[in-house]
Amino acid sequence: MSTPTQHRRTSEDGRVLADPTAYADDDRLHAALTRMRAQEPVAWVDQAPYRPFWAITKHADIMAIERENNLFLSEPRPLLATAEADDVLKAQLEAGMGLRTLIHMDDPHHRKVRAIGADWFRPKAMRDLKVRVDELAKRYVDKLRDVGPECDFVTEIAVNFPLYVIMSLLGLPEEDFPRMHMLTQEMFGGDDEEFQRGKTPEDMLAVLADFFGYFAQLTASRRATPTEDLASAIANGRIDGEPLSDVDTASYYVIVASAGHDTTKDAISGGLLALIENPSELERLRQNMDLMPTAVEEMIRWTTPVKEFMRTAAEDTVVRGVPIAKGESVYLAYVSGNRDEEVFDQPFRFDISRDPNKHVAFGYGVHFCLGAALARMEMNSLYTELIPRLESIELAGEPELTATTFVGGLKHLPIRYSIK
Ligand code: HEM
């Protein structure tokens, strides 16, 4: 086994992972990741303004690390943020504020907090919700027809449909939806100038403070008058007989409200672009709608809206022969795992009947995406409504990707189409 210092040369390709603009340029990103998988699958990246990390680009390593959730912890660095933002958030948490969602937590606390919302995402709850989701899918495909023959599919449809679903599940009033949407964009689009409130960690904290302020009121109202919705389950959830702390309660809403729609928006819009760019696959789906479940799964692999999460080693350990010291962080490059040639046959081919399709777009292990079944159902409903009604579709301009290091996808998808 080699010594840690031998591996400390920063990977030139690895720098793309610490460059938000690389995620807006698929060719550049994938060229670097493909070389990394082949030549340096566990690569050291030391690139300001971030603290250094080990980039993990192989599918098998991502899964192995996520499986060992007592060795690789989510605390204190669950995702890539600038060193300054890491420090500000740490100080806020120590002061009893700041964001501490499921993705920031480790077991045993994580397991207990996750259980509070888990029932709302199980198959039975999904079956109950399906009628509403189908109804919304129809409403949005009708809207697409009405605004045609040209529109920006992202801003008109892909943003609003999942937002509407998740806000309905939470039980929020419809007049609050636009505000939640803006806050979510500001939170996840933090590296993209089009969506930024400002550039500093303080600006990010101001976004958080707005989220927290809104949800503090919601908690008070659901505790006073419980209703049949996810917001009530969170507000009245208990751990070891005690109510959730204010930070844990507000953070729960934040993760559901934000993770629940931006990700799905990216998979929906990127999925449509993949169908436009692969007309034979679109035709194949139209001719055989039974392929919808595998088509949806392929759209999720193809787009991989969540680019990364991180873990930090609780002990000295080794990944693929490379020593990782206690306290060092690993970056799980889901985008790379989902193009791993060792797992996927022709990984750069968009194949709506791909089976098996063991992608890691929803992560793996104890943090596996809580909303995976909901995201799949939403996409299934929307495309089941759309495809048979879609008579023609083409690009009406250049699609544009969001600059990000975390959650992202298309921010604009101009299309020209005809719909029944
Ligand atoms: C295509 C859409 C989506 C993608 C690609 C996605 C992806 C992910 C990923 C990669 C993780 C982290 C998993 C890990 O660390 O192993 C995650 C966690 C999570 N997701 Fe999703 N997600 C999507 C949709 C949703 C939806 C609709 C919800 C609804 C509320 C949701 C809620 C959550 C929550 C609460 C967690 C934290 C789970 C935990 O840490 O225990 N996600 N998601």
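Order of listing sets the numbers, starting from 1, for every ligand and every atom in it.
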Output the list of atoms in ligand 1 that are nearer than 4.0 Å to some heavy atom of [X], sorted by atom number.
X	answer
V306	6 (C), 7 (C), 8 (C), 10 (C)
Y334	10 (C), 14 (C), 15 (O), 16 (O)
H110	39 (C), 40 (O), 41 (O)
F121	29 (C), 30 (C)
G363	10 (C), 13 (C), 14 (C), 16 (O)

Starting from [atom], find the nearest protein heavy-atom neighbour and note its residue, name and distance.
atom	value
atom 27 (C) of ligand 1	G260 O, 3.5 Å
atom 24 (C) of ligand 1	T263 OG1, 3.3 Å
atom 34 (C) of ligand 1	L370 CB, 3.8 Å
atom 15 (O) of ligand 1	R311 NH2, 2.9 Å
atom 16 (O) of ligand 1	E66 OE1, 2.5 Å
atom 8 (C) of ligand 1	C369 CB, 3.7 Å
atom 13 (C) of ligand 1	H367 O, 3.1 Å
atom 37 (C) of ligand 1	I103 CG2, 3.7 Å

Establish, yes or no, whether a centroid distance under 6.0 Å links the rings of [X] and [Y].
X	Y	result
H359	H59	no
H30	F348	yes
F309	F406	yes

Exercise. Is it true that G365 lies under 4.0 Å from ligand 1, counting heavy atoms only?
Worked result: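 The answer is no, since G365 has no heavy atom less than 4.0 Å from ligand 1.
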Exercise. Can you tell me if R301 has a non-hydrogen atom under 4.0 Å from ligand 1?
Worked result: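 Outside the 4.0 Å threshold, so no.
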For this session: May I ask you to decide whether E94 forms a salt bridge with K90, counting only side-chain N to carboxylate O separations under 4.0 Å?
Result: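 Judged by the 4.0 Å cut-off on N to carboxylate O distance, E94 and K90 do form a salt bridge.
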Exercise. Can R354 and E297 be counted as an ion pair, charged N to O under 4.0 angstrom?
Worked result: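 Here R354 does not pair with E297 in a salt bridge, since their nearest N and O are not under 4.0 Å apart.
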For this session: Using distance alone, decide if ligand 1 has a nitrogen or oxygen within less than 3.5 Å of any nitrogen or oxygen in R114.
Result: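 Indeed, backbone or side chain, R114 has an N or O that close.
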Exercise. Taking both backbone and side-chain atoms of T264, is any N or O found less than 3.5 Å from an N or O belonging to ligand 1?
Worked result: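 No - when backbone and side-chain N and O of T264 are compared with those of ligand 1, no distance drops under 3.5 Å.
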Please work out, at 4.0 Å between heavy atoms, whether the side chain, the backbone, both, or neither of [X] comes within that distance of ligand 1.
X	answer
F309	side chain
L102	both
I166	side chain

For this session: For Y50 and D86, test the side chains for any donor-to-acceptor distance below 3.5 angstrom and give the result as yes or no.
Result: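 Side chains of Y50 and D86: no pair found under 3.5 Å.
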For this session: Show your working on side-chain hydrogen bond (donor to acceptor under 3.5 Å, both in side chains) between H412 and T155 and close with a plain yes or no.
Result: CA-CA 7 Å; H412 299 296; T155 52; 5.4 Å; no
Problem set entry | Residue pair K307, D266: steps toward the salt bridge (Lys or Arg N to Asp or Glu O under 4.0 Å) verdict | CA-CA 11 Å; K307 310 305 171 196; D266 295 329; over 6 Å; no
For this session: For E68 and I65, indicate whether the former's side chain and the latter's backbone hold a donor-acceptor pair under 3.5 Å.
Result: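 Checked: no pair found.
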Problem set entry | Residue of the set R301, K358, K58 for which salt bridge (charged side-chain N to carboxylate O under 4.0 Å, His left out) holds with D340 |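 Of the listed options, the one satisfying the test is K58.
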For this session: Answer yes or no: is there a side-chain heavy-atom contact under 4.5 Å between V256 and Y253?
Result: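 Heavy-atom side-chain distance check fails, nothing below 4.5 Å.
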Problem set entry | side-chain contact (heavy atoms from CB on, under 4.5 Å) between V330 and M310, worked out | CA-CA 6 Å; V330 290; M310 295 182 93; over 6 Å; no
